[in-house]
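The structure appears below as structure tokens.
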2 protein chains.
Amino acid sequence: MAERVVPEHRRQRRRPTKNGTVLSERMIVETALRLVAQHGADALSVRRLGAALGADPSAVYRYFRNTDALLLALADEMVGRAQAGWRATGDWRTDLREIALRIHAAYLANPQVAALAAHRTTGREHETRAVESILGVLREAGFPDAEAVRIYHAFVDQALAFAALDAAALALPEPARAADERVWHAAYGKLSADTHPHVAATYPLLAADMRDSGHPFALELLLDAVGARLAAHTRG
Amino acid sequence: MAERVVPEHRRQRRRPTKNGTVLSERMIVETALRLVAQHGADALSVRRLGAALGADPSAVYRYFRNTDALLLALADEMVGRAQAGWRATGDWRTDLREIALRIHAAYLANPQVAALAAHRTTGREHETRAVESILGVLREAGFPDAEAVRIYHAFVDQALAFAALDAAALALPEPARAADERVWHAAYGKLSADTHPHVAATYPLLAADMRDSGHPFALELLLDAVGARLAAHTRG
DNA sequence: CCCGAAGGTCAAGGGTGTTGTCATAAGGAC
DNA sequence: GTCCTTATGACAACACCCTTGACCTTCGGG
């Protein structure tokens, strides 16, 4: 079949589909995100996407080489939405917290896509801008380059990892998700103090705490540690 | 079809398959892990599992209600392998570090399964024992219950989240994985100092650092922060 | 030794991504 | 305004997926 995909900026002809809609990369990405948001995780199939677009499924392959390419486009779109409107305040701690929370929120808004794409490196426009922003916050805070890079890496991976973890839990098919939640009461509530003394002693606190994400607190811990290092650098 | 699955401990009859093998829950779990380890992520299908077992694919459904139940069994097996032989030393920092690194290693040993199951709560034997161990380390270090629970949550979620993130990257089909790695040189190496000054200034450090996991350093940061809190508690 | 039923097998239904081929309309050339 | 090229949408088919209902064989308790 040779090469089917023509880069978006070089497209000239736009032949409408059978029922009149005119396709484009942008339109496909938006339709896919909407599709996944409205119906479950399993809704993202080329066939269903075709149906939602009012086109034959195979038409999608004129715009994306395969489903992986489509996924990367969806991922970068999410990163873009996470950054929309963000501006540095000059206070590194405020800025980093805001960035992490925005990433988390944007990913959770499309959990199905986030679960599939959070660990990918796209190198696309929105992603590179995010990297630039975070590095900027750290270097301007006063970290030497090597340390800024190490902290950047830990920080961004932690944000993405938690986003993926929480998104994956949300993206679960409903029966599995509900079952996982019940486990905290069903299994952990029944453990005996003889075999599991620490769980038994803290069970009510545990069941309550595990209902929410561990991300905000883990983020504060990371910021604490980063702050301590910064103090050491600026003192030294 | 009524209820097909008989709990393992109540099985009495064991009818051999057509080519002579005798099935069991344990054997299916081990075969599945081996299958996934040897061939890629996509190797885990009921059909292929049936073939590897020397049985009709549908025989698996006599042991697991569906593929999700099988996945949870695989997940708990991994948690069990992570803990095998672990014993507390009495030094909380050493113990927590060891637990996190073991989880990370065990999950990366079966990346395909880890990527699918790291965020699940099974409530099974190996998982509850791990929870007990971690809570024990924190409470015996001197944290009051409420704080121990919060730190437990952040700690374990961070370990699982990084394990899932790194596993997912490893589990990628080879072409996609290689492409993601190339991006750090191809895309980020070409960014201009005009538009991305911080990336341009740190690019060699960045490309080198991103080759490895951010987990070890993020873990040390978390342990630093936990240590600071512990000092505050024991002083107060 | 018999017989109930556990458990392996078979076949089918309804999904999936992907690709080779075909046909049609868009838009440049004249 | 007409023609021609070719981009692009449509169609059909392949090979795989999970799951289930019905069937049948063989195990093992009485």
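As the structure is a computational prediction, the values presented were derived from the model and not from experiment. Atoms considered below: every heavy atom in the structure, side chains included; atoms not considered: hydrogens, waters and symmetry mates. Below, read A as the first sequence line, B as the second, and so on, with proteins coming before strands; counting in each chain starts at 1.
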Round to the nearest Å and state the distance from B:Tyr63 atom OH to C:dG8 atom C1'.
-> 9 Å

Could you tell me the separation between the CE atom of A:Met27 and the P atom of D:dG9, rounded to a whole number of Å?
-> 11 Å

For A:Phe64, which contact category applies under a 4.0 Å heavy-atom criterion: base, sugar-phosphate, or nothing?
-> nothing

With a non-hydrogen cut-off below 4.0 angstrom, is B:Arg48 in contact with a base, only sugar-phosphate, or nothing?
-> sugar-phosphate

Pairwise 5' ranking along DNA chain C for A:Leu44 and B:Arg10, keeping only the more 5' one = B:Arg10

Distance in Å, A:Leu72 CG paired with A:Leu116 CG, rounded so as to fall on 0.5 Å steps = 11.0 Å

Is there a donor on the side chain of A:Arg15 or the base of C:dT24 sitting less than 3.5 Å from an acceptor on the other?
-> yes

Specify the separation, in whole Å, of atom CG of B:Leu23 and atom P of C:dA6.
-> 17 Å

Salt-bridged, A:Glu30 to A:Arg26, with N to O below 4.0 Å?
-> yes

Enclosure of B:Arg177 CZ (heavy-atom neighbours >12, cutoff 6.0 Å) | yes

When the distance from CZ of B:Arg62 to C1' of D:dT19 is rounded to whole Å, what number comes out?
-> 13 Å

Name the residue closer to the 5' end of DNA chain D, choosing between B:Ser45 and B:Pro16 according to the nucleotide with the nearest heavy atom.
-> B:Ser45

Compare side-chain N and O positions of A:Lys18 against OP1 and OP2 of C:dT24 and report whether any pair is under 4.0 Å apart.
-> no

Which nucleotide in the list C:dG8, C:dT18, D:dT8 gets nearest to the side chain of A:Val46?
-> C:dT18

Give the ring-plane orientation class for A:Phe162 versus A:His215, where under 30° counts as parallel, over 60° as perpendicular and anything between as tilted.
-> tilted

Show your working on side-chain contact (heavy atoms from CB on, under 4.5 Å) between A:Met78 and A:Tyr107 and close with a plain yes or no.
-> CA-CA 7 Å; A:Met78 283 198 315; A:Tyr107 277 46; 4.2 Å; yes

Cation-pi check, A:Arg11 to A:Tyr63: give yes when NZ or CZ is under 6.0 Å from the six-membered ring centre and within 45° of the ring axis, no otherwise.
-> yes

Chi angles and distances behind the side chain to side chain donor-acceptor pair (under 3.5 Å) call for B:Glu132, A:Tyr188 = CA-CA 10 Å; B:Glu132 174 68 15; A:Tyr188 286 84; over 6 Å; no

For A:Leu49 and C:dG15, what is the distance between atoms CG and P respectively, to the nearest whole Å?
-> 17 Å

Write down the distance between CG (B:Asp68) and C1' (D:dC17), rounded to a whole number of angstrom.
-> 16 Å

From the list D:dT19, D:dT8, D:dG9, which nucleotide is the closest neighbour of the side chain of B:Thr67?
-> D:dT19

Rounded off to whole Å, could you give me the CG-to-P distance for the B:Leu116 and D:dC17 pair?
-> 15 Å

Spell out yes or no: do the side chain of A:Arg47 and the base of C:dG17 have one donor N/O and one acceptor N/O closer than 3.5 Å?
-> yes

Mind calculating the distance between CG (A:Leu70) and C1' (C:dT16) to the nearest angstrom?
-> 15 Å

Within residues 52-61 of chain B, those residues having any heavy atom closer than 4.0 Å to DNA chain C are B:Ala55, B:Asp56, B:Ser58, B:Ala59

Option passing side-chain contact (heavy atoms from CB on, under 4.5 Å) with A:Val79 (candidates A:Arg129, A:Arg124, A:Arg102, A:His126) = A:His126

A:Asn66, nearest nucleotide to its side chain (from C:dG8, C:dG17, C:dT18) = C:dT18

